[in-house]
Amino acid sequence: MKANYLDELNEQQREAVTHINGPLMIVAGAGSGKTKVLTTRIAHLMRNGVDAFNILSLTFTNKAAREMKERVEKILGGSEARNLYIGTFHSVFARLLRAEASRLGYPSDFTIYDTDDAKSVLKTIINELNLDDKHYKPNFVYNRISAAKNSLMGPEEYQLDHLVQQEDMRANRPMIGKIYDMYAKRCFKNGAMDFDDLLFKMYVILKAFPEVLHKYQHKFKYIMIDEYQDTNPAQYEIIKLLGAVNENICVVGDDAQSIYSFRGATIENILQFEKDYDDVKVVKLEQNYRSTKSILNVANEVIAHNKGQIEKNLWTDNTEGDTIKLVRTMTDNEEGKFVADTIAEQKLRNHYDNRDFVILYRTNAQSRSFEESLRRKAIPYRIYGGLSFYQRKEIKDFVAYLRVTMNTRDEESLKRIINYPVRGIGKTTIEKTVVLSNEHNITMWEVLERAKEFGFKSGTLEAIEGFVTMISSFQAMLGKQNAYDVAVMVGKSTNIVKELFNDKTTEGLARYENVQELLNSIKEFTETPDEEGELLDKSMGSYLQQITLLTDADQGNNEDSDVVKLMTIHAAKGLEFPVVFTVGLEETLFPSGMSINTREELEEERRLFYVAITRAKARLWLTHANSRYRFGNLVQNEPSRFLEEMPDKFIDRSYAGGGSVRNAFGSGSTNGWSNSNANNMFDRMQKKSPAAPAQSSSPKPMPKPSSVPVNHVPTAGFAPDDPAGMQPGMEVEHQKFGFGNITAIEGAPNNRIATIVFPKGGGEKKIMLNYAKLRIVK
DNA sequence: GCAACATGGGGTTGC
DNA sequence: CCCATGTTGC
């Protein structure tokens with residue numbers, strides 16, 4: 001291990017790393033070296049005699065877990081890190097549940113249902129109940145159930161809870177409780193858990209079996225949780241149980257980056273942590289090592305519009321850097337073109353590689369125009385998000401065979417493959433099988449096994465027996481051969497591989513390649529050699545459980561390929577890029593029209609915007625389109641309200657530099673720039689500034705709406721005063737804006753934001769006192 | 001049972 | 001516009 005690992009930390013980081021026993025909360029601002037602290041702390045614990053076996057570290061993404069593991073290994077120098085328990089909540093609990101779920105009657109090779117599987121089960125149930133699936137939309141029902149599970153509410157409690165029932169009545173969907181109940185029973189019958197069950201059932205087991213709880217309390221003597229602001233009540237309670245004996249819980253988070261409430265996360269968890277335990281040590285990491293001053297200042301000011309935050313003051317020693325460019329285009333296609341052009345230009349001008357750029361959007365559907373324009377300019381890119389590899393139809397079909405082989409109770413998968421490829425087991429036969437399984441209270445698989453005694457007719461019987469024999473032969477192989485050999489056999493026996501091979505259409509070819517890739521991934525899984533002393537679970541069951549928890553972002557194999565990345569802001573959390581384009585900054589899109597009804601929703605959107613801004617290291621473009629296609633028709637959007645919350649000082653609202661803009665707007669309308677940029681957005685900015693020089697909205701060829709009138713010459717000997725003494729009512733002098741009056745001061749005491757009216761300097765401005773250089777006049 | 005077509009509906013984010 | 005599902009006709 002490197003001896004000097006503590007020297008590489010700043011004071012606060014060191015304080016966090018060297019705190020060994022007792023609850024610790026690290027409030028880690030964006031780009032403040034959070035991962036470094038977490039990994040160094042793990043190393044430090046081990047250096048101080050803590051056994052790797054006793055450390056549990058929970059993250060939100062597989063990627064974060066992988067990164068953490070790698071970095072710990074780097075610090076420790078050897079392979080000491082391999083016994084650490086590092087993973088996502090879901091994957092760690094899935095692993096523990098393989099050992100413990102039998103206590104609740106689940107097979108240890110239980111299937112994990114992804115969202116699609118779960119919705120499909122729900123749809124069958126809704127139809128069985130003769131409910132209209134247009135009214136009881138599986139998606140809606142799923143979200144209700146998910147929310148219930150995330151707050152540890154089972155079907156019984158759900159049906160008895162007045163508030164919940166009231167909500168369902170008001171939404172005119174009183175049957176959701178019943179559906180939930182049937183869904184839970186069906187999943188159990190199928191030997192399957194959905195994502196939320198991985199948390200919920202873990203909690204149930206810890207609560208119901210004290211010996212299990214004790215076991216893990218003593219195993220996980222030190223617990224670390226990353227992104228604590230994104231934990232939901234289920235995760236919170238589990239952590240509380242596991243940590244109750246030793247109270248060596250270290251949580252790391254940033255309330256300003258809490259963006260997962262739709263998944264049940266509650267920001268309260270981090271806001272309340274100090275009250276949950278006695279003697280909580282709180283460390284704040286406030287130095288940002290990532291971004292320029294301009295970027296950080298804009299981010300700070302934006303987030304200051306939210307209420308009730310943990311007080312912190314994020315600052316940086318980095319240079320001021322470029323201004324943030326704000327760009328408006330006429331349409332979404334022009335937005336795409338502008339971004340692609342600018343990327344091309346920046347590559348030349350500032351010698352960036354493709355990999356230095358990221359395009360961030362609110363919704364996956366926005367990727368299209370960027371794909372097109374990047375393709376046109378032959379700029380390589382990769383889209384993150386959307387369908388994961390394992391959600392593709394051909395992969396799910398293939399995996400369904402493996403799932404059924406491992407867990408014959410899994411009806412969802414069984415139904416998927418029972419007649420794929422076609423083998424003469426049609427709709428009527430399947431329905432009959434379902435009825436029989438309900439009548440006799442046995443699984444569908446058992447009905448199939450005993451098809452003869454249930455009187456299926458000759459042709460059908462033959463088909464069923466053939467199917468049963470085939471699956472049984474796979475099962476028989478499992479004991480003797482590894483997962484890869486079994487999978488190859490599945491491909492052969494079912495004819496799937498051959499069939500796809502013979503399909504010479506482009507899609508057929510792609511599907512064939514995908515199945516080959518699946519086989520490769522199984523091969524890789526089985527053949528990765530165990531490290532010395534390490535016993536990885538290489539079973540098919542373990543493989544299957546892993547892959548359902550993988551997302552698109554986890555197909556990391558060519559992480560380093562030199563491509564522009566496109567992803568949602570959610571997917572970008574935890575990442576950083578030299579150049580960031582945050583696009584689609586329009587009302588109804590960002591903030592999403594779905595999230596503007598309450599202050600809480602809006603604040604979460606704002607945090608999302610904050611996350612987007614803070615991904616940028618050096619350069620940041622914010623773009624929005626005047627109108628864009630939505631569901632086939634052109635809709636007009638107002639610029640996002642967030643754009644008005646940014647301090648003018650660091651924003652260039654008139655970005656038109658280089659040839660890129662001319663290219664971007666040259667197509668079609670001749671004066672796209674003056675029309676699109678000057679009018680709407682700029683007008684609104686002007687209205688907010690009563691004292692601003694009256695910029696008329698008359699169409700001028702190229703207005704330059706510089707928001708920083710730089711005519712002011714500072715008084716001789718201008719020296720800024722201590723911002724602490726500034727109060728509303730004072731007259732101050734600003735280097736650029738000239739003389740002004742402070743009309744209001746808001747924000748946290750160490751991050752105060754003053755509203756100042758500069759009669760000659762562009763009117764009302766919001767200024768961060770910590771950064772602005774102001775001289776008190778009187 | 002399947003391919004070709006018609007219809008309707010979608011309002012985010014993701015383990 | 002794009003997808004997923006339902007309907008029709010072989």
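Residue numbering restarts at 1 for every chain, and letters A, B, ... go by the order of the sequence lines.
The pairing partner recorded for B:dG14 is none, the criterion being a Watson-Crick or G-U wobble arrangement whose two distances lie under 3.5 angstrom.
Rounded to an integer number of Å, the gap from OH of A:Tyr610 to P of B:dT13 is 24 Å. Between the CG atom of A:Asp133 and the P atom of C:dT5 there is a distance of 10 Å, given to the nearest Å. Distance, A:Arg423 CZ to B:dC2 P: 12 Å, rounded to whole Å. Going from atom CD of A:Gln391 over to atom C1' of C:dC3 covers 15 Å, rounded to whole Å. Residue A:Arg362 contributes atom CZ, which lies 5 Å from atom C1' of B:dT13 at whole-angstrom precision. Summarising the geometry, the separation between CD1 on A:Ile259 and P on B:dG14 is reported as 9 Å, rounded to the nearest angstrom. The distance from atom CG of A:Asn637 to atom P of B:dT12 is 13 Å, rounded to the nearest whole Å. Atom CZ of A:Phe389 is separated from atom P of B:dG14 by 20 Å (rounded to the nearest Å).
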With the criterion being N/O to N/O and under 3.5 Å, what pairs connect the protein with nucleotides 5-11 of chain B, and how long is each?
| unit_1 | atom_1 | unit_2 | atom_2 | d |
| --- | --- | --- | --- | --- |
| B:dG10 | OP1 | A:Lys137 | NZ | 2.9 |

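We find that the ring of A:Tyr629 and the base of C:dC1 do not stack by the test of centres under 5.5 angstrom and planes tilted less than 30°.
Of the candidate nucleotides B:dT12, B:dC2, B:dG14, B:dC2 has the atom lying nearest to any side-chain atom of A:Val422. Taking only side-chain atoms of A:Arg263, from C-beta outward, the nucleotide of B:dC2, B:dG14, B:dT12 with the closest atom is B:dG14.
Ranked by how close their nearest DNA chain B nucleotide is to the 5' end, A:Thr61 and A:Gly426 are led by A:Gly426.
For A:Glu645 and A:Arg641, the salt-bridge test fails: no basic side-chain N is under 4.0 Å from an acidic carboxylate O. Between A:Asp117 and A:Lys396 there is a salt bridge, since a side-chain N of the basic residue sits under 4.0 Å from a carboxylate O of the acidic one. Salt bridge status for A:Asp230 with A:Arg263: absent, with no side-chain N to carboxylate O gap under 4.0 Å. Between A:Arg403 and A:Glu412 there is no salt bridge, since no side-chain N of the basic residue sits under 4.0 Å from a carboxylate O of the acidic one.
The closest donor-acceptor contact from the side chain of A:Asp226 to the backbone of A:Gly253 lies at 3.5 Å or more, if one exists at all.
Ring pair A:Phe609/A:Phe642 is parallel by interplanar angle, where below 30° counts as parallel and above 60° as perpendicular. Classification of the A:Phe188-A:Tyr106 ring pair by plane angle, with boundaries at 30° and 60°, yields perpendicular.
No contact: A:Phe89 has no heavy atom under 4.0 Å from any strand. Counting non-hydrogen atoms under 4.0 angstrom, A:Thr115 reaches a base of the nucleic acid. Contacts of A:Phe590 with the nucleic acid, taken as non-hydrogen atoms under 4.0 Å apart, are absent. Within the 4.0 angstrom heavy-atom criterion, only backbone atoms of the sugar-phosphate kind lie near A:Asn419; the bases stay farther away.
For A:Asn364, a side-chain nitrogen or oxygen approaches OP1 or OP2 of B:dT13 to under 4.0 Å.
A centroid separation of 6.0 Å or more is found between the aromatic rings of A:Phe357 and A:Phe577.
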